[in-house]
Amino acid sequence: MAAKPTIRVVRLLEDNLIFLSLIGIVAFFGLASDRFLSLTTLSTLLNQLPALTVLAIGMTLVLISGAIDLSVGSVLALCAGVIGGCMTLFGMPLPLAACIGVLAGALAGLANGSLGAFLRLPIFIVTLGMLEVARGLAYIVTDSQTVYLGAKVQSFAVPISGIGVSASFLTALVLVIAFEYLLQSTVFGRQIVAVGSNERAAEVSGIDPKRVRCTVLVISGALAGLGGLMNASYLGSADPNAGVGMELSAIAAAVIGGTSLMGGRGSVVGAFIGVLIVSVLQIGLAQIGITAPTKRVITGAVIILAVILDRWRISPVP
């Protein structure tokens, strides 16, 4: 009889391990630095999250479906360049330019999905190729130069008076809630999980895995396009070098947040907590004087630990 309460405690810890880890990391840096637990640090932290958050949302859906998208960082840079070009060369207003940028991201995702899902090419290779294609196009559309946009886009990233966070962050937060609802409470969300869990069984049940995977890759591309807008707003410019390595950060955030690299399991809210953990580590380590190379070592170790914990979660509690 004593075993049952123990099992319940273990499962409770499993379900809340990510959040408890975030609390522990925040507490550690709060004790290690007298500047960490301040409104300035909190505002800085939250307002630099949006671009990575939307990439992590898309990556979570892709990973749950049993695929991967290595192109999102480069697609972000391409879409930022498209938005910058539309505004500076053609004089388009920001809303129209942003829509075109998001559309460019969706088209990149459609190319990934069509080649990977329908032509049955390895999605890892397809998105790796798109990483290079999109980065090259980003240099072409910006003429290999940073396109300064200034106040034209920065209003989206400027903290709103009285609440300390930007419209960009609030948009990302709404998307986290919306896509968590999609994943947990809609037919399409259940189809994503089914395809990632057992593609053959999903197909026998009447689900088209090709359509599902292509759709999530289009969503991932569109979110990368929105990330391009958020990144350009935060920097005040469209930089062809933007987003380098962000695909790895998005994968890391998703995995830290409990998304399985094997597919079939994950949470958008968990991925958001993963983004918070990655960002808290970056800011906290910088505030206590850790050098950039050491920060990379520590962040990498955290990612490896997350994968180990993922394997532990897969093993059922006896």
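Everything numeric here is computed off the predicted structure, so don't read it as measured data.
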Task: Tyr181, OH atom: more than 12 neighbouring heavy atoms under 6.0 Å - done: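 Count not over threshold, so no.
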Interatomic spacing from [atom1] in [X] to [atom2] in [Y] - rounded to 0.5 Å:
| X | Y | atom1 | atom2 | result |
| --- | --- | --- | --- | --- |
| Leu103 | Leu107 | CG | CG | 4.5 Å |
| Leu94 | Leu149 | CG | CG | 9.0 Å |
| Ser65 | Leu63 | OG | CG | 7.5 Å |
| Phe169 | Tyr234 | CZ | OH | 13.5 Å |
| Leu55 | Asp69 | CG | CG | 9.0 Å |
| Gln154 | Ser168 | CD | OG | 12.0 Å |

Is any side-chain heavy atom of [Y] closer than 4.5 Å to one of [X]?
| X | Y | result |
| --- | --- | --- |
| Phe36 | Ile288 | no |
| Ile100 | Ile83 | no |
| Asn112 | Val218 | no |
| Phe188 | Thr215 | yes |

Open item on the list: Run the side chain to side chain contact (heavy atoms under 4.5 Å, CB included) test against Ile163 and tell me which residues pass, sequence neighbours left out.
Closed with: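 Residues passing side chain to side chain contact (heavy atoms under 4.5 Å, CB included) with Ile163: Ile160, Val165, Leu170.
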Hydrophobic clustering (ILVMFWY, side-chain heavy atoms < 4.5 Å, transitive) - are [Y] and [X] grouped together?
| X | Y | answer |
| --- | --- | --- |
| Leu22 | Leu285 | yes |
| Val141 | Met92 | yes |
| Leu183 | Ile177 | no |
| Leu42 | Val176 | yes |
| Leu78 | Val133 | yes |

Could you tell me which non-hydrogen atom of [X] sits nearest to which non-hydrogen atom of [Y], and how far apart they are?
| X | Y | answer |
| --- | --- | --- |
| Ile207 | Ala194 | CD1-CB, 3.9 Å |
| Gly228 | Ala80 | O-CB, 3.6 Å |
| Ile123 | Ile68 | CG1-O, 3.6 Å |
| Thr60 | Ala271 | OG1-CB, 3.1 Å |
| Cys79 | Gly105 | SG-N, 3.3 Å |
| Ser74 | Arg135 | OG-NE, 3.5 Å |

- [ ] Kindly determine whether Val268 and Leu175 satisfy side-chain contact (heavy atoms from CB on, under 4.5 Å), including the steps that lead there.
- [x] CA-CA 9 Å; Val268 174; Leu175 289 173; over 6 Å; no
Is the backbone N or O of [Y] less than 3.5 Å from a side-chain atom of [X], with the two atoms forming a donor-acceptor pair by type?
| X | Y | value |
| --- | --- | --- |
| Asp143 | Gln145 | no |
| Ser233 | Leu229 | yes |
| Glu247 | Val72 | no |
| Thr259 | Val255 | no |
| Ser33 | Phe29 | no |
| Ser197 | Val193 | yes |

Open item on the list: The test is side-chain contact (heavy atoms from CB on, under 4.5 Å); show your working for Gln191 and Thr186 and say whether it passes.
Closed with: CA-CA 9 Å; Gln191 289 178 345; Thr186 68; over 6 Å; no
Task: Any donor-acceptor N or O pair under 3.5 Å, side chains Ser38, Thr41 - done: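 The criterion, which ignores hydrogens and geometry beyond distance, is satisfied for Thr41 and Ser38.
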Open item on the list: When you compare the side chains of Gln184 and Arg190, does any donor N or O come within less than 3.5 Å of an acceptor on the partner?
Closed with: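 No donor-acceptor contact under 3.5 Å links the two side chains.
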- [ ] Run through the side-chain heavy atoms of Ile, Leu, Val, Met, Phe, Trp and Tyr, join any pair under 4.5 Å, and report what else lands in Val187's cluster.
- [x]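 For Val187, no cluster forms, as it stays isolated from other hydrophobic side chains.
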Task: Qualifying residue, where the test is side-chain contact (heavy atoms from CB on, under 4.5 Å) with Ile256 and the options are Val302, Ile251, Leu276 - done: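 For Ile256, the side-chain contact (heavy atoms from CB on, under 4.5 Å) check succeeds only for Val302.
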- [ ] Let me know which of Val269, Ile23, Ile273 forms a side-chain contact (heavy atoms from CB on, under 4.5 Å) with Ile18.
- [x]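 Of all the options given, the one that passes is Ile273.
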Open item on the list: Applying ring-ring contact (aromatic ring centres under 6.0 Å, His included), can you list everything that pairs with Phe179, at least two apart in sequence or on another chain?
Closed with: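 Once residues adjacent in sequence are excluded, Phe179 has no partner under the ring-ring contact (aromatic ring centres under 6.0 Å, His included) criterion.
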Task: Pair Ile57-Glu180, side-chain contact (heavy atoms from CB on, under 4.5 Å): steps then yes or no - done: CA-CA 9 Å; Ile57 293 171; Glu180 180 69 13; over 6 Å; no
TODO: Step by step, work out the side-chain contact (heavy atoms from CB on, under 4.5 Å) result for Ile64 and Val216.
DONE: CA-CA 10 Å; Ile64 292 173; Val216 295; over 6 Å; no
Task: Glu203: partners by salt bridge (charged side-chain N to carboxylate O under 4.0 Å, His left out), with sequence neighbours left out - done: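 For Glu203 the salt bridge (charged side-chain N to carboxylate O under 4.0 Å, His left out) partners, ignoring immediate neighbours, are Arg200.
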Task: Residues that Glu199 engages under salt bridge (charged side-chain N to carboxylate O under 4.0 Å, His left out), provided they are two or more places apart - done: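 Residues passing salt bridge (charged side-chain N to carboxylate O under 4.0 Å, His left out) with Glu199: Arg213.
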Would you list the atom pairs, donor with acceptor, under 3.5 Å between side chains in residues 46-54 and any protein atom, with sequence neighbours excluded?
residue	atom	partner	partner atom	Å
Asn47	OD1	Ser166	N	2.8
Asn47	OD1	Ser166	OG	3.2
Asn47	ND2	Ser43	O	2.8
Asn47	ND2	Ser43	OG	3.1
Asn47	ND2	Gly164	O	3.2
Thr53	OG1	Leu49	O	2.9

